[in-house]
There are 2 protein chains.
Amino acid sequence: MSLLQISRLDEILETATNLFKSKGYVGTSMRDLADAVGMEAGSLYSHVDSKDELLQHICFTIAGRFNKEIDLVLSVTNCSTSEKLESAINGHVKVITEDINATSVFWNEWKYLPEPHHSELSKLQVVYEHKFRSILDEGVNSGEFKIADTTFTTMGILSSLNGLQKWRTYSMPPEDLGSAFAALFIKGIKN
Amino acid sequence: MSLLQISRLDEILETATNLFKSKGYVGTSMRDLADAVGMEAGSLYSHVDSKDELLQHICFTIAGRFNKEIDLVLSVTNCSTSEKLESAINGHVKVITEDINATSVFWNEWKYLPEPHHSELSKLQVVYEHKFRSILDEGVNSGEFKIADTTFTTMGILSSLNGLQKWRTYSMPPEDLGSAFAALFIKGIKN
DNA sequence: CCTACCGATCGGTAGG
DNA sequence: CCTACCGATCGGTAGG
């Protein structure tokens with residue numbers, strides 16, 4: 001029983017995520033959040049220390065998931081670089097689609113994090129991009145890929161995937177999106 | 001002289017754009033804006049009717065530029081579809097890089113527009129995406145492109161370009177970005 | 001978890 | 001374009 005039970009704090013975090021996504025972090029008041037979970041504004045502070053803390057938790061949870069996924073991909077050795085890239089893209093898409101609200105907050109609201117959290121998260125993002133780029137570099141070195149500027153291509157691919165959080169609808173099941181992105185970037189659209 | 005003169009309203013709009021970009025629309029107060037242009041908060045209202053109006057102006061200006069660029073591309077007939085796609089990508093990138101702050105506000109803050117403006121802008125975005133997709137459809141019909149899902153590919157390409165507003169740095173001059181994106185999507189990275 | 005409240009700040013207005 | 005101000009709301013706290 002208790003393993004399946006959702007704690008009050010978890011409920012507050014999930015509700016905050018939904019509100020931050022739809023109204024923005026600054027546009028969501030602690031009273032909005034209190035109303036949504038069914039308590040008074042002041043009572044929230046027996047569960048969390050501050051509004052900032054909620055945003056911190058959401059952003060670092062998502063950043064952690066992104067880095068965990070890419071580390072998993074980089075630890076595999078017996079596969080082609082194309083397969084590795086497809087795995088990395090699939091992992092990235094999985095993090096986004098499995099919690100679209102939290103990912104949305106992560107990307108659109110992290111600028112409101114106070115220091116030192118803002119700088120810490122920025123570093124995590126840079127580390128992630130470097131890991132992702134290392135796959136492209138590996139493919140260039142092995143002759144499997146032809147890429148003039150791996151930094152540009154890394155950002156181009158990641159931007160495309162991250163845009164998912166703003167799509168109104170998907171034209172395919174979420175689990176197919178990763179492979180579709182991989183095919184687009186690896187083969188291109190030229191016949 | 002007067003043709004080169006920047007009106008007080010233009011100065012307010014440009015300053016508001018910069019503030020909305022860095023602090024967000026909700027996170028920017030009319031007092032922040034007043035300080036930045038060197039007047040008192042109440043005085044702003046002799047130039048604008050409301051805070052909303054500033055956001056409206058920024059968002060609809062950018063949406064107008066995007067649609068103007070794509071209409072220009074669609075009016076050209078004597079070129080291949082690949083060339084047409086590259087032109088569309090170049091036009092899109094041009095709008096972004098020529099006014100990165102305004103484009104950033106357009107994408108990240110338009111959700112705060114009150115109705116009916118929010119719905120109007122949403123329609124403009126859908127119209128733009130349809131126009132862009134028509135280029136891909138044309139390429140598929142002529143056999144020039146091989147695309148399983150043009151809706152997906154349209155969103156994938158546009159998401160990638162729109163991500164530009166969040167890039168910390170460019171690894172190439174802004175005017176080269178469009179062609180680099182076009183090459184990435186048309187040819188892919190496979191050697 | 002509630003009641004009652006704090007000082008600060010919000011978008012916007014009246015009158016000059 | 002300024003001064004002075006409006007009611008509303010903000011994040012957060014004290015005491016129970």
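Every chain is numbered from 1 and lettered A, B, ... according to where its sequence line falls, protein lines coming before strand lines.
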Checklist entry - In chain order, what residues pass the side-chain contact (heavy atoms from CB on, under 4.5 Å) check against A:Glu144, with sequence neighbours excluded? => result A:Ser80, A:Thr81, A:Ser82, A:Ser142
Item to check | Any pair counted as ring-ring contact (aromatic ring centres under 6.0 Å, His included), so long as it reaches residues 124-145 of chain B, sequence neighbours left out | outcome: B:Phe66-B:Tyr128, B:His92-B:Tyr128
Checklist entry - Taking only residues two or more places apart in sequence or in another chain, which ones pass side-chain hydrogen bond (donor to acceptor under 3.5 Å, both in side chains) with A:Thr151? => result A:Arg133
Next on the checklist: Any residue in residues 109-119 of chain B with a heavy atom nearer than 4.0 angstrom to DNA chain D? Just list them by number, or reply none.
Outcome noted: none
Item to check | Partner residues of B:Glu40 under the side-chain hydrogen bond (donor to acceptor under 3.5 Å, both in side chains) criterion, sequence neighbours left out | outcome: none
Next on the checklist: Using the side-chain hydrogen bond (donor to acceptor under 3.5 Å, both in side chains) criterion, which residues pair with B:Glu53? Sequence neighbours excluded.
Outcome noted: none
Item to check | Nucleotide pairing, DNA chain C (Watson-Crick or G-U, distances under 3.5 Å), in dot-bracket with [ ] and | | outcome: ||||||||||||||||
Item to check | Pairs satisfying ring-ring contact (aromatic ring centres under 6.0 Å, His included), at least one member in residues 22-60 of chain A, at least two apart | outcome: A:Phe20-A:Tyr25
Next on the checklist: Which residues pass the side-chain hydrogen bond (donor to acceptor under 3.5 Å, both in side chains) test with A:Asp176, not counting sequence neighbours?
Outcome noted: none
Checklist outcome for this item: Contacts of B:Glu175 meeting side-chain contact (heavy atoms from CB on, under 4.5 Å) (sequence neighbours excluded), chain-then-number -> B:Pro173
Checklist entry - Under 3.5 Å, is there a donor-acceptor pair between the B:Thr150 and B:Asp137 side chains? => result yes
Counting only pairs under 3.5 Å, give me each side-chain donor-acceptor contact of residues 181-191 of chain A, with atom names and distances, residues two or more places apart or in other chains.
from	atom 1	to	atom 2	distance (Å)
A:Asn191	ND2	B:Gly143	O	3.2

Next on the checklist: Please encode protein proximity along nucleotides 3-16 of chain D as a string of B, S and -, counting only heavy-atom distances under 4.0 Å.
Outcome noted: B-B----SBBB---
